[in-house]
Every structure is written in C-alpha cells, then in structure tokens.
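Below is one structure, written out as structure tokens; comments come after it.
As the structure lists them, so they are numbered: ligands from 1, and atoms in each ligand from 1. Residues: numbered from 1 along the sequence shown.
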Amino acid sequence: MSDSSNNQKTTNTQWGGRFSEGVDAFVEKFTASIEFDQRMYRQDIAGSIAHATMLEKVGILTSDELSQIVEGLNEVQQDIENGTLEWSIPLEDVHMNIEARLTDKIGITGKKLHTGRSRNDQVATDIRLYVRDEIDFICQEITRLQEGLIMLAEREATTIMPGFTHLQTAQPVTFGHHMMAWNEMLERDFERFQDCRKRVNRSPLGAAALAGTTYPIDRHMTANLLGFEAPTENSLDSVSDRDFAIEFCSAASLLMTHLSRASEELILWTSAQFNFIDLPDRFCTGSSIMPQKKNPDVPELVRGKTGRVNGHLVSLLTLMKAQPLAYNKDNQEDKEPLFDVIDTVKGCLRAYADMVPAIQVKEDVMREAARRGFSTATDLADYLVRKGMPFRDAHEVVGKSVGYGIEQDKDLSDMTLEELQQFSDTITEDVFDVLTLEGSVNARNHIGGTAPAQVLAAAGRAKQKLQTRK
Ligand code: ARG
C-alpha cells in the first residue's frame, strides 16, 4: 500500500503498490466478489475482532489501537446494517470493503488490522463461520419438520394405507409408519450435518497467505474467541481446501433427495387417481385456464430444486479437483453455489416444516385402496405356513386364490370360506382374522414393524432424540 503513489486514482488502494496501471474496468468487475460475498460481513467482522484482540495480547497492537479497531468495526457493522455503506467494486470483496471503511473511520490504525493475516485465511475463516451458523439453523429446521412428522405419525398410528413396492400394492401399512420412515431419513440428514459441523468448526485463521506468518500470533486464542474447536493443522491446506463446503453440499443433496422423494409421494397422493390426502389451499395454487385445478406446487418445486442443489455439489467438486496447493482464485467460485444451496435448502425446509402438520389424511380412501389390492395375500401365505405348509406351496395356493379374486372381482377377505377352501383345505374359519387389514398390520409387531403399537413406540423414541437437541 503506497501513500506516495502519484497514480493512486488508477491503482487499487489495498494492493496497488507494485502496479503501474489500474485494472481494466471489465476485469475489475469480472474478478470482484463483493456482489455475493457481502453476505459474510458479520463473520468477517467477528473474525477481524478476534484477530485484533489476539494481536493486542501478543503485543502487536496497543490496547488503545485495539479499542479503536473494535469500536470502528462495530460502527462499520452498523453502517452495513442500516444501509449506509455502499459496497465498492474496486475494493473487490467484503474483506477489503470492510477494512477500507474501517480505515476511513479510524485512520492509520485501521491499516494495522491486516498484520499477520491474509485474505486467504480470512476468507477461509469467514466461510467456515458462515457455514457453521447455517448448519445450526438448518438443523433447527430439520428438527421442526421432524416434530411435524412425529405428530402426524402419532395421530395416524392406526390409519391403514396400502404399502407399495414397485408402486404396486404390496402389504397394508399404517400412515404413521410411512411418516416415521420419512422421519428416519431426516434423522440421518440431521446426523450428517452434525458430523460435517465437526470438520467445519476448525480455525484456519493464522495460516495467512499460505505459509503462516512471522509474527508471534496465538492461533489457539483466535480459534477460541471464534468458538472453533481448534486451529487447523497445516497452513497450506487451511487456505486451499474447501472440502468442508463440499461435504456440506453433499449432506444438503441427500436431504434434498429425501425431500424430493417425499414430494413425489405427496404429489401422487393428492392426485385424483390416489386421492389419499389433501394439502391445505395455502400450499397450493390453481391454473389460469383450468378452473378445477389445485396443484401441489410446494412439493413439485421442492422436487425440482433438488436438481440445482445436486448441480452445485458437482460444481464444487469440479472446482476443487485440479487445484494445486495452496490458495487459487478459483476458490472465489465456491461462494455462489454454496450460498444457493443454503438458501434453497432453507426455503424447502421452511415450506415443508410449515406444510407437513397441515396434511389432511383421507382415511376411508386409503383403507379402501388397501382392501382392494390383495394386500393381505402375504398374510394368507403366512397363515398356511403356520398350519404346516411349506412357504413355496403356500405362495402357490395364494397366487391361485388371487387369480380367482381378479376373475370374480373379489378381494381375499370378501370370499367365503368355501371359495377359499377350493385352493386348500388347510384353510379354516380362523383365516378371516389374518385377512383383515387390522390383523395384518397388528401382526407385524416387532421393532421397525408397521403395527400401530410399534409406530407409537418408534414415535416415542424419536421424540426423546429430539428432546436431547434442545
Ligand atoms: N474474494 C476472495 C475469495 O473469495 C478472497 C481471497 C482473495 N485472495 C487473494 N489472494 N486474491 O476467495
């Protein structure tokens, strides 16, 4: 930084010392990140305050200088928050914009803040702090959605619906069991974000440009002040790797995959062909041409947005794949995909957490669908096995009974004992206990099974887990 340069107007005030001409106007805009990295201003200021606090402790700043810097930075934050700081493109990024504003305010002392650090460790610190905050918020939203699912599961623990494989009616399950399946997916998503948080939560501050710094800095102190678990181990790695952001996006992709699968089911279930549930009007929209339409826009959009999150994951993987150590400008490209993943996931979670508790279940329709689809056929086979028939033979007997049912347009439970006995005389009056839908779900009474008692027990355990998060 030169104070005697006679072409100050054309060179950058933050790094213009060795330059003899200003940056091309297009290149200036092309290389700037301020338009998207300004959202990390709070993290940037917190990082600077921690850095300055440490510099004072090790004797590089006086306590008076530290107070000026802290006060100045707090003012800069206020300026940003009340909209009086105009971001400057020539100042490139959030780091230099804030530092320049600080120097405007407090003069020469502001120029001492950057001692012993670089934008390379600064940006790595900011992103980690930013992602950490967002993980915490995302995890709260996952929890809110899980609360809704568990509530529905308890309310609909005895509500019967057809369970599907290959989207063909397979065996009856309870709606509560289905909701708890979604809850399990989200439970793992929560765990994944928590696990990712451990690797996010390490402090690269002090790695400086790439090799560390000649000043007697205390990296443990800054790590501590910023709530990081520990300083990172290697300065080259610290400023260059963005694996933590990739890992975050990967957890986000899986979360979106789960939301997308749930969306697909909600979309099917609201169709006239299934007609299993209703979504409240406030989560749907109509058609401008077809007056009868009520479209499940929220699930459809969530399903669609999964594509962009997956795309961003691939962007970040590709961004990283051929970078030599240490920092490269390529890494500036990490932010837009990362931020869009964060915004997208938060939006989808919010919509889902608001919508799920309002799902209205059409119990009679689901029951009828389960009754119609020979969904208790496996129960009849198991019944024959209990009476001593080998399973393969039982499978054959039931297959023939179903064939007869299709011909006669009768479900198994609609047949008379005589009709059933055509296929095996092992069948007696007690068969009707197993052919009912209730009998079928109640019989699957072990951990992980669909019996209402098990669904309620699973919901109880799930609620306990949520409790430990508070
Ligand atoms: N805006 C840059 C980024 O987002 C900050 C770090 C720039 N460092 C540098 N040496 N140019 O990565």
Does ligand 1 have any N/O atom under 3.5 Å from a protein N/O, and what are those pairs and their distances?
{"unit_1": "ligand 1", "atom_1": "1 (N)", "unit_2": "S33", "atom_2": "OG", "d": "3.1"}
{"unit_1": "ligand 1", "atom_1": "1 (N)", "unit_2": "D93", "atom_2": "OD2", "d": "3.2"}
{"unit_1": "ligand 1", "atom_1": "1 (N)", "unit_2": "Q332", "atom_2": "OE1", "d": "2.9"}
{"unit_1": "ligand 1", "atom_1": "4 (O)", "unit_2": "K335", "atom_2": "NZ", "d": "2.6"}
{"unit_1": "ligand 1", "atom_1": "8 (N)", "unit_2": "N120", "atom_2": "OD1", "d": "2.9"}
{"unit_1": "ligand 1", "atom_1": "10 (N)", "unit_2": "N120", "atom_2": "OD1", "d": "3.1"}
{"unit_1": "ligand 1", "atom_1": "12 (O)", "unit_2": "Y327", "atom_2": "OH", "d": "2.5"}

Practice problem: Not counting sequence neighbours, which residues clear salt bridge (charged side-chain N to carboxylate O under 4.0 Å, His left out) with E56? List them please. | Solution: none

Quiz item: Considering residues at least two apart in sequence or located in another chain, which fulfil the salt bridge (charged side-chain N to carboxylate O under 4.0 Å, His left out) criterion with K321?
Solution: none

Practice problem: Ignoring hydrogens and angles, state whether a donor on the side chain of R219 or T232 is under 3.5 Å from an acceptor on the partner side chain. | Solution: yes

Quiz item: Between Q171 and S375, do the side chains contain an N or O donor and an N or O acceptor separated by less than 3.5 Å?
Solution: no

Exercise. Identify, with sequence neighbours excluded, every residue that meets ring-ring contact (aromatic ring centres under 6.0 Å, His included) alongside F339.
Key: Y130

Quiz item: Any luck finding a side-chain donor-acceptor pair between R367 and T159 under 3.5 Å?
Solution: no

